[in-house]
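Chain letters run A, B, ... following the sequence lines, proteins first, then strands; residues in each count from 1. Any value given below was found using the heavy atoms of this structure, including those in side chains, with hydrogens, waters and symmetry copies removed. Since we're looking at a predicted model, the values are computed, not measured.
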Amino acid sequence: MAHTTHTVKRYSGLMDWLTTVDHKKIGVLYLIAGAFFFGIGGIEAILIRIQLIKPQNTFLDAQTFNELITMHGTTMIFLGVMPIIFALMNAIIPLQIGARDVAFPFLNALGFWTFFFGGLLLNLSWLIGSVPDAGWTSYVPLASTTYSTHHGVDFYVLGLQIAGIGTLLGGINFLATIINMRAPGMSFMRMPMFTWASFITSALILFAFPAVTVGLVLLMFDRLFGGNFFEVANGGNPILWQHIFWIFGHPEVYILILPAFGIISDVVSTFSRKRLFGYSSMVFATILIGFLGFMVWAHHMFATGLGPVANALFSIATMLIAVPTGIKIFNWLFTMWGGSIKFTAANLYAVGFIPTFVMGGVTGVMLASAPADFQFHDTYFVVAHFHYVIVGGLVLGLFAGLHYWWPKMFGRVLKEGLGKATFWMFFIGFQLTFFVQHFLGLTGMPRRVFTYLPNQRFDLMNLISTIGAIMMGIGVLMFLWNVLVTSLKPANASNDPWEDGRTLEWTIPSPPPEYNFKQTPLVRGYDAWWKEKMEGNTEMQPAEPVGSIHMPSPSILPFFMGIGLFIAGFGFMFAKDDFNNALLNGLFNNYVVAGVGLLITLTCMFLRSVIDDPGYHIEKEELEDKGVKA
Amino acid sequence: MSAPVHADGQWPHEPEKATLEGRNKVLGFWLFLGGEAVLFGTLFATFLALRNSIGDGPAASELFKLPMIAAATIILLASSLTSVFAVQALHQNRVKSMIQWLIATVVLGFAFLGLEIYEFVEYVHEGHTFTTSAFSTAFYTLVGFHGAHVLFGVVWITILIVQVQKKGLNLVTAPKVYVSAIYWHFIDVVWVFIFTVVYLMGKVG
């Protein structure tokens, strides 16, 4: 794929990955980094479950347990599953809409590097020895300097702020890409569901992430600069944190689940070999879920004491979300109804998703009832609920998507038999782990407590739960083994390896060339590729003659902008510490380190502004050479 | 949405949207401002929640001196007007006039910043520091965030003035100037809200 004959400098090896602005490579970077953090979060989960395997276990102490639950939640949500979602969005959306690239290739790279360095900063807390321990929600006053005197929560506020910049940039990028870069004929109501879901998710990111950024800034100002936002003694208000956190936090769960809905829609439709049932109601339901997602944040605060009127309103609003979600569930079922279904590994995950997610939804409606929530609150029932929607929903959806699009991303089909075995291992492990937790919660076991006394009817169910967690761990290792074995095979996947592809990504080579489409395709209907196939065509009609293609230049600046923020984060965090070392004290206490970090980032921004990027062209002759080879 | 690109080399009607890169930039920037609106919205909500929690510190009605705030408001509103003139000049390809209006915008921006710094220094002398009370923390954070945006804006527009002088006004530089103008208007709108919610409401209690 490499073109080496052009005047613009092209890198290879490591430098290629550090400087790339190609959405497909950035997708791979997101996938690797996301998998890395997902692995860390998974190990944390297994450690938590080992501690809880029997009553009064001494495997971990209470402090370490608190650190593990905090980092497990934070890592999994912000650094594990979101980057894997971004990996699929990057790899697939431009292909599904017939675009050669995203709207902002440079910002795309910047988004990845800020996410990566933010996540790294957060996780370095393990090595530096003060780990966030106030829960992934980091409620004040527990997270204030009064009760959290070490740097743990500082890692949380700074790491998430830096990673959040990356997520916000990604959201803006995908919105602009989907609005401006669609191929001729690709109207909004012809877009594949994954693209639609990603579009709504990006809108949610745009309107939810700035809120949490402000929340984190306020907490940082309190902790590092002596602010009083949450200090009751000086007039501050801890409830404010809860509102700000959940105004972001509830849309966040839809940010996570909507892309999974999109993946499931594409996978179920492809392997049922049928048009998605109720496409327009699916689009409508997605938009409605996104809208309602902003209206329900206070259902996380029923026990805070907002009063019966607020609780009743938020209860009803929350229950309303079951309506569009139900529409989706029935649409998937009706898509399969009468279809000629192929149970590939990808489809197994998709089909397994449906009942599991419904269970998570049902417990969601139970929790939405404020009076009942007073009973469920802070028990394992809540833990069971959100793992059913996030693991049973999102993670199964991601596995479906990874199996489905793996050949498109890497040119190799994952081993089907091993993939199916992995599904059963992970799926059974998941049900074992979390099904019993409903009953643990109803029996009264509180969440976030590091151990429990024997003979409260908790013992057996905790044992079962831990065995399930280990099975899920084995399932993830089996998936990694599959990836390893598959990567040793030759990359010989065809354009449309599932043979039933319906959308534009299956019309181009696997993996696609860097310009994606030699000629921008003309889209003549929903399921554009399927429509052509049904009319006996073997390729899309082009919307333009073969011509020279303009490409953006690679750049190292995004990488350094990430590093700058990373350094600045450490500078601010340790600005008041005594290092017993005059040099270090001088550097940190006078904000020299923080200033240098910010200066690196601002200088890169300046350079980006003043240096024009003419990009380079892939010429017509070169494209035709490629055509022969492909 | 799409602007005509003149094949005969004429300056397009909307040069900022004449290329795909330009259209992406303008759209992306509007989206970014949507995010910024949520950012300031959250800061305003925080300020409203805490504005009466003055602890032992001075209250808003004792601190604020409306004549100076009014002057700052007039200066910033005027700078929005000069930036409109700059964009009009941009559309008519009058480079010299555009640069003059941009310079006027920057000068007014710096004047506003000067007044704000003077104001903050005064408040600190009166015992209203960042750590005095929840009100003071929320005040400095909200107004300070806005001030930081103004500072970023004047530096940015200054860089653009130099760029246009070096590279000329073309389909690459035009979108840059245009989005900096949208940004400047956004900052101005935020200030209108700060003037109302922070200062006027603070004065009436």
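Residue A:Leu218 touches chain B through its side chain alone, counting heavy-atom pairs closer than 4.5 Å. Neither the backbone nor the side chain of B:Thr173 comes within less than 4.5 Å of any heavy atom of chain A. For a residue to count as touching a neighbouring chain, one of its non-hydrogen atoms must lie under 4.5 Å from one of that chain's; by this rule B:Phe135 does not touch chain A. Residue A:Leu240 touches chain B through its side chain alone, counting heavy-atom pairs closer than 4.5 Å. No part of A:Phe209 comes within reach of chain B, as not one of its non-hydrogen atoms sits under 4.5 angstrom from that chain. Both the backbone and the side chain of A:Phe207 have a heavy atom closer than 4.5 Å to some heavy atom of chain B. Only the side chain of B:Phe152 comes within contact range of chain A, judged by heavy atoms closer than 4.5 Å. The part of A:Val217 that comes within reach of chain B is its side chain, from C-beta onward, which places non-hydrogen atoms under 4.5 angstrom from that chain.
Along residues 48-55 of chain B, the residues that come nearer than 4.5 angstrom to chain A, judged on non-hydrogen atoms, are B:Ala49, B:Leu50, B:Ser53 in order of number. Using non-hydrogen atoms only and a strict 4.5 Å limit, no part of residues 160-170 of chain A faces chain B.
In this structure, B:Phe193 places its CZ atom where only 12 or fewer heavy-atom neighbours from other residues, nucleotides or ligands lie under 6.0 Å away. The environment of CE in B:Met68 is crowded: more than 12 heavy-atom neighbours from other residues, nucleotides or ligands sit within 6.0 Å.
Aromatic ring orientation, B:Phe145 versus A:Phe221: tilted (interplanar angle from 30° to 60°).
B:Lys166 contributes no side-chain N or O that, together with a main-chain N or O of A:Val610, makes up a donor-acceptor pair within less than 3.5 Å. Under the 3.5 Å distance criterion, the side-chain polar atoms of A:Glu231 are left unmatched by any main-chain donor or acceptor of B:Ser133.
Of all heavy-atom pairs spanning B:Asn24 and A:Phe104, the tightest one is O-CZ, 2.9 Å. In terms of heavy-atom proximity, A:Ser609 sits nearest to B:Lys176 at O-NZ, 2.6 Å. The shortest heavy-atom contact between B:Leu39 and A:Pro210 is N-CB, 3.8 Å.
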